[in-house]
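Only this structure's heavy atoms are used, side chains among them; waters, hydrogens and symmetry mates stay out. Proteins come first, then strands; the chains are lettered A, B, ... in the order of their sequence lines, and each starts at number 1.
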Amino acid sequence: MSRSLKQVAVLLVALLCLDPHSRVSSAPICTHGPSGCHVPSLADLFDRVIQHSARMHSLSNDLHSEFEQYFLPSKNSIGKIYRKCHTSSILTPNGKENAQKLAREELTEVILKLLMAWRDPLFQLHQSMAHQQDFNSFSSNKALEMGDMTHELRKGVEKVAEKMRVLGMLGNSVTGLSPAETMLPISDSGEAMSNYELLYCFRRDSNKVQNYLKILKCRIIPEHDC
Amino acid sequence: MMLNSIMYSKWAQYMFIGVSAPGKPKLTSCRSPEKETFTCWWEPGEDGGLPTTYALYYHLENSETVYECPDYKTAGNNSCFFNKNDTSLWVNYNITVVATNALGKNISEPVEVDVAYIVQPNTPENVTAVVVDEDQGPFVRVSWEKPRTADTRSGWITLLYQLRVKQQKDKEWEEYNAGMQKYYNVFSLHPDTEFMVQVRCKPDHGFWSEWTQTTYIKMPDYIPRQRSLWIIITIFSVFIVLILTWTLNVKRNSVKLCLLPPVPGPKIKGFDKQLLKSGKTEEVFNSLVIQGFPPTIDYDDLLVEYLEVYDNEEQELVLDGKDLSEDCIKSKSPSDCDSGRGSCDSRTLLLEKCMVGRKGSGSDQHQYSQHGETSWASTESSECQGLEPGSPESSDGRVKTWPVVFSSPQPHHHYQAETVKPVYHSVPEILNHSSPHIMPTNYHHLHHQDIPQQEGRHGKPACRHSQSYNHFNLDGLNTPAPGVSPSRSLEYVEVQRVNPENMLLLRPLSDPNREPEGSDYAGEDYSKVKEVTSNNILLLRRDTSHHCVDDYSQASQCTTQQPPHPCKPVIYQSNSGMPQEGMRVMGNGYVDSTVLMPSY
């Protein structure tokens, strides 16, 4: 008796599924703007991107301090890095005035360059951290998250740039980054950078990105939190 | 001389210990208030007794060019101020301080500084606290401004604010985070007190600023609404509690009784505790014995007065046997008083039962005289209740209506109906000529009619009873049967037959001359007792033979016996064995179970 009931139930479910009205179909992404679904404004996009970058920077900060705490007990060690970060070839404004002097497009481009430059090194960092027994899984997870977040942030900034371009705020001088421009984190001496050095450099660069984004935002949308 | 040597030694001391190279200076901190400039402070070491100068040198990372501090003055003593042009973010500064005096110099430990991470803003400005009055109560709104130097407008710095509040007398501050907003509402402050407020800020990555100067604010005197409500509620509840307490106090005793009911002590009538304590148990228990228990009932009292309402002695009752039988069968009602069977089947059939059935059958067949009906009816209910065969105990006096069996000295005849089982009627009032207990009044007497010519059906004239028979006369003749006298004895009467004049011919079952033809009418409801063994075992027989059983021919002995009580069972002697006490074997082989009652 129960068997037949089950069969009946299955049939009913199948019928319901086959019901053309109850079929789930994909709806197109909002193309009509305000009439359809909520299209995030530029301000919203900027907010999201800035939050993202803040999160990214805090992660890098945590990892760096962990490193300093456990692996570099003596701050006086000469072994402190004086190697250049691999992104030092990218010209970045090192002050407020310099940053404000840059045009929006250039600023956006710098941001994108930086983010692009860190895509592979972060992946490597995660890999090396995962392999080493010294790290607990928490740290290596942070590194993984950091890498993902950088990737997402880059996508977000590209969307923002696209939006700005659509809105006419950006000129067309922003060029896409060619794969040739991606840099490998190899120092002058040819050795691969250590994890600590990578973290040190990335911490700095994420701070730069966060700052630049804020400047960009307050320049474009001054009303909001500026 | 002594003095000279002392002075010389002192001078020598001075000469030898005196000056030295300066001690090592130490960079205490470097701070940037707005992420555009920064200042470094150092701590000088021992100066070695000589005027010492300090110089700060720095070089940027990955560069060997050493620069000296551009500004030693702006930030005060032992400080170095880097202005905007000299400040680069996201670059490590390697800073050292060199102390120099005449005898030497000393270099401090190098310090690596990245300006982006040493930001400590100035304190917020223009902290104002205002009391705002609202429905829920007044609160304090604290507002401030950003430090002048911090450029949040361009998004270069993002500041987070914090404020703290306390009363003058409190030790601990109450801290609140205000986020990025520049105002804050403080609730739940005590009325009529002065509060101190301070604010500070911090960049998203950096150090907290100093607290601002204390701002004082006085809360007005007010009664919080919530509190007043609570006050009212409290007063009310106190009131109610007081009332309850007073009520409880007044009704103290009844409350005590309610909550703590007294445990009843054992109270046995006639039980003397003292006696028990004294140890004389026999006396104690003797007192418990109640005289007169179990109650012995005079069996006579159980009997009902037979038809005392009947004032005319000469009423005759004539029953139509046929109708009677039909009605009897019909009157098997669920409200039958008999326990087991319908009254028609029972040997203890009451006439009233048939009466009930008969009444419905039509008035044209009214066969009872008026008196008879009523009298029958009156006793009906009383007899009804009492006629539980085998249930001797009855509660009320109605039980006393034991079936009173007619007995008559006149011969009777069998009643025969082909399809109907033998119907035994018991009438409360029996006319029993031979009975010594003759009730002088209020009896029915039944007339017999001797119809010898009809007895040929069975063809057993030997069974004819010579003594008495009864019949009920429809016509209500007032002729008392000769020798018919009322009797209080209980006997069962069986309807012998119906004569053509619609008369029931009855004969008492105790008639010894009656032939045991009852075996003809055994029917399926009854089983004949074959014999009774000595140890109280009844052997029943199932076949319905027509012949008389010889064992019961001896029944004649008992007719002369008159039971002392009408209710007493008539015990028959049989040669096969003694029927046990309490068991009454009727003449025709049936066992009357109604007599299975204790004889009181």
### Query
Asn92(B) versus Arg204(A): any side-chain heavy-atom pair under 4.5 Å?
yes

## Note on the structure
Closest non-hydrogen contact found for Trp156(B) with Ala99(A) is CZ3-CB, 4.4 Å

### Task
Flag yes if more than 12 heavy atoms outside Leu91(A) fall under 6.0 Å of its CG atom; otherwise flag no.
no

### Query
Take atom CZ in Phe123(A); do more than 12 heavy atoms of anything else shown fall under 6.0 Å from it?
no

### Task
Flag yes if more than 12 heavy atoms outside Glu145(A) fall under 6.0 Å of its CD atom; otherwise flag no.
yes

### Tyr67(B), OH atom: more than 12 neighbouring heavy atoms under 6.0 Å
no

### Task
Find the one option among Gln181(B), Met180(B), Glu34(B), Glu36(B) whose heavy-atom pairs under 4.5 Å with chain A are most numerous.
Glu36(B)

### Asp114(B) with Arg203(A): basic N within carboxylate O range, under 4.0 Å
no

### Task
To the nearest 0.5 angstrom, please state how far the CD atom of Gln100(A) sits from the CG atom of Asp151(B).
6.5 Å

### Task
Start with the C-alpha gap between Thr158(B) and Gln210(A), add the side-chain angles, then the distance that decides, and say whether side-chain contact (heavy atoms from CB on, under 4.5 Å) holds.
CA-CA 11 Å; Thr158(B) 312; Gln210(A) 190 180 4; over 6 Å; no

### Query
Of the backbone (N, CA, C, O) and the side chain (C-beta and beyond), which part of Ser88(B) lies under 4.5 Å from a heavy atom of chain A, both, or neither?
both

### Task
Kindly check if the number of other-residue, nucleotide or ligand heavy atoms within 6.0 Å of NZ (Lys159(A)) is above 12?
no

#### Entry: Heavy-atom neighbours of Lys202(B) NZ exceed 12 at 6.0 Å
yes

### Neighbour count above 12 (heavy atom, 6.0 Å) for Glu210(B) CD
no

### Message
Tell me whether the rings of His205(B) and His57(A) are parallel (<30°), tilted (30 to 60°) or perpendicular (>60°).
### Response
perpendicular

#### Entry: OG1-CD distance between Thr87(B) and Glu97(A), expressed to the nearest 0.5 angstrom
9.5 Å

### Donor on one side chain, acceptor on other, Ser154(B) and Lys96(A), under 3.5 Å
no

